[in-house]
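Beneath this line is the structure, given in structure tokens, with notes to follow.
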Amino acid sequence: MTAAPLFPGFDGLMTLSRREGVDIRPTLLRVLTDLFVQASAHSADEERQFVELTSRLIDQVDDATRAAVRARLAIYPATPPEIMRKLGLRRSPPGEAAPAAPAIPLPSSETAAARAPTEAQLRMASNLSMRPNDAAEISDMFFAASASERALILHNLAETPLKASARIPAARATRAIQTLEMAAFAEDTENFALEIGEALILPARIAAQVVNDPGGEPLACAARALDMPSAAFQRVLMFLNPEFGSSVHNVYRLSRLYDRLSERSALVMLAAWRGSTMAVSRAKYRPALYDDERNRARAAPSQARPAVQPGSAPSVRTGTDGSKR
């Protein structure tokens, strides 16, 4: 069956599954469900295709995937009746409200007040430009923070006067997004990190740290810097790391963060990542000062000088008869 515009990547995913021998059905069911619930209403053809695709996949996936999809469709008001019967769901009474999704917890005011601001945090609130050492500290602070603290840092970066990186050219960003989606579908983290580094002009070390971060917030910043569509970012989350993408909580949390993340916050963080590499390079390759050799010469122990230097005592001349003259 030909995929409708609602599921543009279905044919490509099934081809990848047959060619690579990867069981892509659990992730595919999650992607189809997420794409379906993004719209509040669907045409009859879209609903028919969703029923045909998901009806086959529901019987072929594991219990954890089936439970995750069931939880997602249980609170969606336009779930087709056939799928509801297949999943054992029932409609809520007209007066009964659907359960709300849990909100992302924010750090308490007491915890925030107990921590004294660092020099980098104070500089973020000032008009000073971002120096390499400051960029390195901001980057390290972000990677070491918890999920709620990272969300707060990104929120503050939108208001900081720090200079952001320039936008990635649209044509380059479009090519990068296409390459990143292909690498994510193949679960190829190495080429995914390589493309992130080339597109955002980041060294391999930083690009790998962004891609392999267990929380996912750095990856959200990188994707926002490329202006990746929200639906594409969700697909990347689900495919790139199957273990991470199998958690509905992780995908939902990062999707909410991504929708609220501003372009400026992402570009300021990108500037911090780039600047932190300059700080590392300066520390590794410290230039030699002009008087380094002189200081080393002064510190070296002086050699003992002979009591009588050559030419310091008058020479004694003797005559032919041996007498002194």
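- Residues passing the side chain to side chain donor-acceptor pair (under 3.5 Å) test with D140: none are found, sequence neighbours excluded.
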Return all side-chain donor-acceptor pairs below 3.5 angstrom for residues 212-226, not counting sequence neighbours, or 'none' if the list is empty.
| unit_1 | atom_1 | unit_2 | atom_2 | d |
| --- | --- | --- | --- | --- |
| N212 | ND2 | A208 | O | 3.1 |
| D213 | OD1 | R150 | NH2 | 3.0 |
| D213 | OD2 | R150 | NH1 | 2.7 |
| D213 | OD2 | G215 | N | 2.9 |
| D213 | OD2 | G216 | N | 3.3 |
| E217 | OE1 | R150 | NH1 | 2.7 |
| E217 | OE2 | R253 | NH1 | 2.7 |
| R224 | NE | L261 | O | 3.2 |
| R224 | NH2 | Y258 | O | 2.6 |

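- Residues satisfying the side-chain contact (heavy atoms from CB on, under 4.5 Å) criterion with T189, sequence neighbours excluded, are L240.
- For P203, the side-chain contact (heavy atoms from CB on, under 4.5 Å) partners are I206, T277, not counting sequence neighbours.
- A donor-acceptor contact shorter than 3.5 Å is absent between the side chain of S139 and the backbone of A135.
- How far CD1 of I177 is from CE of M182: 14.0 Å, rounded to the nearest 0.5 Å.
- With E149 contributing its side chain and S146 its backbone, the two residues share a donor-acceptor pair below 3.5 Å.
- Not a single side chain to side chain donor-acceptor pair (under 3.5 Å) links R70 to another residue, sequence neighbours left out.
- Partners of R264 under the side chain to side chain donor-acceptor pair (under 3.5 Å) rule, at least two apart in sequence or in another chain, do not exist in this structure.
- Linking ILVMFWY residues whenever their side-chain heavy atoms come closer than 4.5 Å, directly or via other members, leaves L194 and V210 in distinct clusters.
- Residues R66 and D59 are not paired through a salt bridge, judged by the lack of any N-O separation under 4.0 Å between the basic side chain and the carboxylate.
- Residues satisfying the salt bridge (Lys or Arg N to Asp or Glu O under 4.0 Å) test with E263, not counting sequence neighbours, are R167.
- Side-chain atoms of E46 come within 3.5 Å of backbone N or O of S43 as a donor-acceptor pair.
- For R175, there are no salt bridge (Lys or Arg N to Asp or Glu O under 4.0 Å) partners at least two apart in sequence or on another chain.
- Residues passing the side-chain contact (heavy atoms from CB on, under 4.5 Å) test with A68 are R30, V248, sequence neighbours excluded.
- The closest donor-acceptor contact from the side chain of T79 to the backbone of Y76 lies under 3.5 Å.
- Residue pairs that meet the side-chain hydrogen bond (donor to acceptor under 3.5 Å, both in side chains) test with at least one member in residues 176-185, sequence neighbours left out, are E181-R235.
- Aromatic rings from F50 and H42 are positioned such that their centres are separated by 6.0 Å or more.
- The side-chain contact (heavy atoms from CB on, under 4.5 Å) test applied to R72 returns T33, D34, V37, not counting sequence neighbours.
- Under the side chain to side chain donor-acceptor pair (under 3.5 Å) criterion, S265 pairs with S262, not counting sequence neighbours.
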